[in-house]
Protein chains: 4
Amino acid sequence: MINAERTPVSDGPMPDVQGKADGRNVAIDKVGVKGVTYPIRLHVPSLSEVTGPCNAALLPTSSEQTTVATISMYVALPATQKGTHMSRFLEVLNEQTAAGSPAITPARIPEMTRAIAQRLHAPFAHFSGEFVYFIRKAAPVTGMAGLMDYRASFACTAQAGEQGSVDLVMGLRAPATSLCPCSKEISAYGAHNQRCEIEARVRTWPQANRTMWLEELAATLEGAASEQVYSILKRPDEKHVTEGAYDSPKFVEDIIRDLALAMDREQRVAWYEINSENFESIHSHNAYARITRAKDGWRGPTS
Amino acid sequence: MINAERTPVSDGPMPDVQGKADGRNVAIDKVGVKGVTYPIRLHVPSLSEVTGPCNAALLPTSSEQTTVATISMYVALPATQKGTHMSRFLEVLNEQTAAGSPAITPARIPEMTRAIAQRLHAPFAHFSGEFVYFIRKAAPVTGMAGLMDYRASFACTAQAGEQGSVDLVMGLRAPATSLCPCSKEISAYGAHNQRCEIEARVRTWPQANRTMWLEELAATLEGAASEQVYSILKRPDEKHVTEGAYDSPKFVEDIIRDLALAMDREQRVAWYEINSENFESIHSHNAYARITRAKDGWRGPTS
Amino acid sequence: MINAERTPVSDGPMPDVQGKADGRNVAIDKVGVKGVTYPIRLHVPSLSEVTGPCNAALLPTSSEQTTVATISMYVALPATQKGTHMSRFLEVLNEQTAAGSPAITPARIPEMTRAIAQRLHAPFAHFSGEFVYFIRKAAPVTGMAGLMDYRASFACTAQAGEQGSVDLVMGLRAPATSLCPCSKEISAYGAHNQRCEIEARVRTWPQANRTMWLEELAATLEGAASEQVYSILKRPDEKHVTEGAYDSPKFVEDIIRDLALAMDREQRVAWYEINSENFESIHSHNAYARITRAKDGWRGPTS
Amino acid sequence: MINAERTPVSDGPMPDVQGKADGRNVAIDKVGVKGVTYPIRLHVPSLSEVTGPCNAALLPTSSEQTTVATISMYVALPATQKGTHMSRFLEVLNEQTAAGSPAITPARIPEMTRAIAQRLHAPFAHFSGEFVYFIRKAAPVTGMAGLMDYRASFACTAQAGEQGSVDLVMGLRAPATSLCPCSKEISAYGAHNQRCEIEARVRTWPQANRTMWLEELAATLEGAASEQVYSILKRPDEKHVTEGAYDSPKFVEDIIRDLALAMDREQRVAWYEINSENFESIHSHNAYARITRAKDGWRGPTS
């Protein structure tokens with residue numbers, strides 16, 4: 001059974017409809033499978049491995065976590081070929097994973113994307129996966145620890161061949177608190193605040209020699225808000241975050257600008273796309289801001 | 001073409017697979033169509049028609065509005081019949097509406113539900129529809145008016161026949177603001193607040209002789225929160241709602257209890273199911289509360 | 001009250017926090033409101049107005065329909081200004097609409113987008129709205145008419161000023177049927193088929209002098225599938241579409257290529273982005289294909 | 001830090017607002033936290049542990065898998081108490097899990113639910129969690145194995161105290177293929193088919209001495225469809241499932257009835273609620289059927 005996973009099974013004498021020639025002369029930018037649900041296993045760094053900002057609670061040793069990814073895999077299809085072989089995307093997915101504990105791992109995404117291009121005889125392949133990522137975080141006063149959930153993603157585009165170019169984008173969305181400076185300024189007391197979601201997609205310089213961890217990206221996003229969000233807070237913690245938000249009022253514009261400055265300072269980042277959305281507590285619609293920026297010298301993709 | 005809509009078209013000599021007998025002896029509670037998207041047209045009452053609480057902005061005359069409903073229609077299927085005729089659900093839907101401007105109307109939902117039972121030769125039929133409903137609401141200080149959007153619903157169960165029993169449930173979900181009493185009490189300044197969603201499903205007494213309007217239900221829901229939500233607020237309005245929320249701190253428990261008391265006082269309501277959900281600004285999860293209650297003397301359905 | 005909607009209300013002597021200078025030197029690409037729910041009113045063309053392909057059932061006269069849009073409105077914010085004035089987006093939205101029957105209309109979207117840039121003192125403004133659009137369509141054999149629902153959209157970017165440039169993108173997503181050529185070829189009988197969703201976003205040439213209607217875009221999308229989808233089918237219709245799909249097997253690659261060819265032939269279209277997604281009946285994931293193309297001579301935006 | 005998780009931290013001298021008396025005399029049916037995202041770790045049975053139907057591919061040894069659950073936890077709140085202590089729900093969640101690898105496990109859900117009631121001083125507590133569950137399944141002809149994803153759930157209601165009653169409901173939703181008998185019967189060739197989703201929620205007899213596994217529930221659901229769905233199929237497999245679906249045409253009514261009969265035969269099941277939804281390939285709406293049934297002698301909850 002394990003071999004069956006690793007060796008492509010012959011389709012026998014059946015006609016290969018997808019492999020036929022196509023006369024319409026239309027190349028397809030992306031074709032493949034969408035909405036594949038699959039386990040993903042991630043290395044959780046020990047704090048000694050992390051070199052940037054980090055809000056994760058102290059853990060004695062490094063470890064790993066497994067969650068669930070929603071995956072898309074596409075190739076570019078030349079104009080002359082009738083169809084792609086959809087089952088081969090799934091074969092590559094299965095081959096990349098140990099039989100005993102199937103799961104993709106971030107470290108192998110570039111290699112897997114290249115393998116897709118190769119197996120499908122395509123000039124390019126695209127892989128993207130979104131997943132929940134947990135970070136163990138301690139409440140600010142009592143230190144009580146709980147698990148915060150983030151939405152993370154990896155997107156990769158790769159040319160076929162071992163020397164083929166690889167583009168990798170890492171993403172994270174973090175919940176946080178925003179408190180309105182205008183409301184605070186004009187009101188005799190109080191200030192409207194709300195949950196917001198801050199998101200970043202980043203590309204790092206190829207020459208960056210320190211891994212950028214999701215823990216660091218989370219801390220950078222959370223640092224741009226009026227206050228962080230926690231999974232468990234006791235009363236001393238609640239007092240702390242209530243006053244903390246009031247002490248740091250920020251429009252959605254402020255959050256995105258402060259985050260842009262933090263991204264500018266982060267030397268590993270070469271390109272970033274950041275946005276923040278406030279689920280306004282006084283309206284039924286949201287406030288939103290977005291910045292995309294490539295640093296000087298970046299010659300890679302910019303979207 | 002208009003006649004084609006109103007007269008069931010013969011299926012000719014083709015076999016009626018659905019109409020065959022079934023030998024498995026299994027009755028089906030509900031079978032039909034789900035996720036039908038269809039226009040809904042609603043009468044917008046003038047303020048003279050409204051007898052209860054109302055936050056709607058003054059309108060000189062009554063009017064109507066058309067939005068989009070997502071509809072399900074089911075029948076109970078006796079054990080002896082192989083299948084229901086799905087196309088007839090759509091036929092009934094189309095027949096209830098004028099050809100020139102197709103749309104269902106709330107007033108005809110009971111009649112339409114009975115027509116479904118009759119056309120499908122079923123003992124019972126169920127209809128439910130969810131839709132956006134707009135209420136024109138004025139900002140609290142400047143009076144600037146804007147459109148607030150609510151999620152409304154009607155659910156109906158009817159026996160076949162003109163004398164058949166009819167059960168009708170009206171629902172509405174309204175956004176509002178909640179401000180945490182604990183956070184206010186323990187903090188030197190500020191208090192965490194957030195958007196919440198308050199929802200009610202109600203049945204009225206058969207003998208209630210005044211229509212209960214969605215505008216009244218919206219005002220009742222909004223009256224239970226720390227503060228109302230608006231679509232457009234200028235700075236004097238923002239000051240008003242910020243201070244208003246701070247002056248009226250409420251846990252999700254307080255909101256649901258105050259709403260229960262308002263429902264108890266509302267003499268037209270015989271049964272209610274209410275819930276409130278706070279999108280906590282200091283957590284990534286929500287706070288939720290729910291109460292279901294039938295008033296003394298109610299003998300209708302209770303779920 | 002009506003005047004209140006049309007005349008910006010003074011914020012009085014309160015401090016204008018948003019209007020302050022900002023020293024961080026970070027321009028914001030897009031900032032504004034997201035998730036605004038608002039009525040949209042559309043002209044439904046009579047068949048004499050339509051010059052391209054059209055599957056709409058015969059209607060004696062032209063008419064209009066009102067549905068519900070989900071709207072985003074953004075501006076570019078210069079580096080020197082602290083914040084944008086969110087309430088003004090809603091003011092512009094309200095001003096564009098008659099007080100008696102508030103709704104946006106597609107024809108006024110460019111003008112409204114320009115007005116946003118002007119009111120917010122911004123170099124550029126962006127507007128986008130997604131909404132349900134109904135087309136009355138007759139079953140292929142019995143002619144029985146019903147309402148098909150589509151997901152439509154308009155996106156507009158405009159420079160401030162009456163001479164400012166305007167970019168407009170029209171989009172539509174249509175459900176259809178796809179039937180697998182490989183499954184048909186290799187199986188002794190039958191062929192797996194499924195609902196698919198085909199989507200197009202198009203820009204037209206500025207010099208195109210005939211309006212491109214959503215009805216035409218729908219017919220073009222549906223024409224690329226194995227078979228069209230209907231809201232109501234009687235048995236002769238069901239036989240027709242079952243055999244029609246079997247007679248026209250198409251991979252997702254075939255659908256997207258045939259649609260690309262149709263878009264190439266459509267002289268009004270200058271740029272298109274098309275995709276199709278098959279909700280595979282034999283898998284729990286989907287098949288997907290996408291093509292983006294600008295025609296020769298197009299110098300406008302390409303994403 | 002580990003101790004901090006396990007020992008409730010004192011809130012110090014701050015006022016306990018939630019603990020105050022409430023004078024409104026309104027008991028709350030359910031109040032608590034909703035939308036908590038948390039890891040869940042499940043035992044994957046070896047085939048020797050499974051006694052019922054099973055489509056899982058052979059695995060040499062038993063193992064476990066970790067995925068992500070969306071959790072709600074509620075208590076009933078007496079009329080006399082102002083509020084519940086929301087952070088304690090999270091404390092109980094954290095305490096039930098090892099510090100090194102935090103995750104809930106199905107086996108401990110009843111105990112955890114009772115612990116919630118006890119810690120919150122509530123007469124009853126409710127727990128529910130929904131999560132992705134993977135089953136390794138082999139293609140029908142080539143035997144190629146892949147991971148199928150299902151949506152699973154556990155819901156538990158428990159009285160406080162070690163002797164308190166416990167109600168547990170297990171749920172699963174599986175994708176499958178349905179092929180229309182009417183379409184097959186009336187058409188010269190082909191038959192419309194589509195992905196469907198079949199769902200069951202079950203309660204087992206307290207005296208059932210063999211565990212009912214999610215693998216068995218999945219196989220029972222899949223056995224009621226026209227054909228099963230797989231994550232990876234080669235051409236011989238595709239031929240097999242295409243012909244298999246054509247050989248076993250079923251209305252949504254047939255699927256739900258055959259599933260009801262299978263549930264009736266399954267001796268461990270005391271109560272079931274089953275539904276099936278067809279994403280019709282010829283319509284833009286879905287077909288749906290539902291049956292709820294308690295077996296003779298069942299005296300537990302029936303909703």
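A, B, ... follow the sequence lines: proteins, then strands. Residue 1 opens every chain. Predicted, not measured: the structure shown is a model, and the values here were computed from it.
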K.L.:
Roughly how far, to the nearest 0.5 Å, is the CZ atom of Phe251(B) from the NZ atom of Lys82(D)?
P.N.:
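Reported to 0.5 Å precision, the distance equals 6.0 Å.
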
K.L.:
How far apart are the C-alpha atoms of Asp254(D) and Arg24(B), what are their side-chain angles, what is the distance that settles it, and do they pass the side chain to side chain contact (heavy atoms under 4.5 Å, CB included) test?
P.N.:
CA-CA 9 Å; Asp254(D) 294 313; Arg24(B) 279 167 290 196; 2.4 Å; yes

K.L.:
Is it the side chain or the backbone of Val252(D) that comes within 4.5 Å of chain B heavy atoms, both, or neither?
P.N.:
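Val252(D) touches chain B through side-chain heavy atoms alone.
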
K.L.:
Give a yes or no on this: more than 12 heavy atoms of other residues, nucleotides or ligands lie within 6.0 Å of atom CD of Glu130(B).
P.N.:
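Counting other residues, nucleotides and ligands, CD of Glu130(B) stays at 12 neighbours or fewer.
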
K.L.:
Checking Thr292(B) against chain D: side chain, backbone, both or neither under 4.5 Å from a heavy atom?
P.N.:
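Contact with chain D: backbone and side chain both.
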
K.L.:
For Gln81(B), which atoms come within 4.5 Å of any heavy atom of chain D: side chain, backbone, both, or neither?
P.N.:
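When you check distances to chain D, only backbone atoms of Gln81(B) fall under 4.5 Å.
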
K.L.:
So for Thr84(D), is it side chain, backbone, both, or neither that comes closer than 4.5 Å to the heavy atoms of chain B?
P.N.:
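Both parts, backbone and side chain.
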
K.L.:
What part of Leu90(B) gets closer than 4.5 Å to chain D, counting heavy atoms only: side chain, backbone, both or neither?
P.N.:
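Contact with chain D involves the side chain of Leu90(B) alone.
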
K.L.:
Please check if the side chain of Arg257(B) supplies one atom and the backbone of Val26(D) the other of a donor-acceptor pair under 3.5 Å.
P.N.:
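Yes.
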
K.L.:
Rounded to the nearest 0.5 Å, what separates atom OH in Tyr288(B) from atom CE in Met73(D)?
P.N.:
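If we round to the nearest 0.5 Å, Tyr288(B):OH and Met73(D):CE are 15.0 Å apart.
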
K.L.:
When rounded to the nearest 0.5 angstrom, what is the spacing between CD1 in Ile28(D) and CD1 in Ile291(B)?
P.N.:
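One gets 5.0 Å once the value is rounded to the nearest 0.5 Å.
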
K.L.:
Among Ala79(B), Gly83(B), Cys182(B), single out the residue with the greatest number of heavy-atom pairs under 4.5 Å to chain D.
P.N.:
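Among Ala79(B), Gly83(B), Cys182(B), the one with the most close pairs to chain D is Cys182(B).
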
K.L.:
Would the distance check show the side chain of Glu253(D) and the main-chain N or O of Val31(B) forming a donor-acceptor pair, the cut-off being under 3.5 Å?
P.N.:
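Side chain of Glu253(D) to backbone of Val31(B): no pair is present.
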
K.L.:
Hey, which of Ile186(B), Asp16(B), Asn275(B), Val17(B) has the most heavy atom pairs under 4.5 Å with chain D?
P.N.:
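The answer is Val17(B).
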
K.L.:
Below 4.5 Å from any heavy atom of chain B, which atoms of Asp22(D) appear? Answer side chain, backbone, both or neither.
P.N.:
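Side chain only.
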
K.L.:
Between Ala260(B) and chain D, with a heavy-atom cut-off of 4.5 Å, which part of the residue counts as in contact: side chain, backbone, both or neither?
P.N.:
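Just the side chain, heavy atoms under 4.5 Å.
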
K.L.:
Measuring from Glu280(B):CD to Met86(D):CE, what's the distance to the nearest 0.5 Å?
P.N.:
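With rounding to 0.5 Å, CD (Glu280(B)) is 7.0 Å from CE (Met86(D)).
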
K.L.:
OG of Ser72(B) to NE2 of His285(D): how many Å apart, nearest 0.5 Å?
P.N.:
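Taking OG in Ser72(B) and NE2 in His285(D), the distance rounds to 10.5 Å.
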
K.L.:
Test side chain to side chain contact (heavy atoms under 4.5 Å, CB included) on Glu277(D) and Lys34(B); report intermediate values, then the result.
P.N.:
CA-CA 8 Å; Glu277(D) 184 167 4; Lys34(B) 185 175 173 182; 3.1 Å; yes

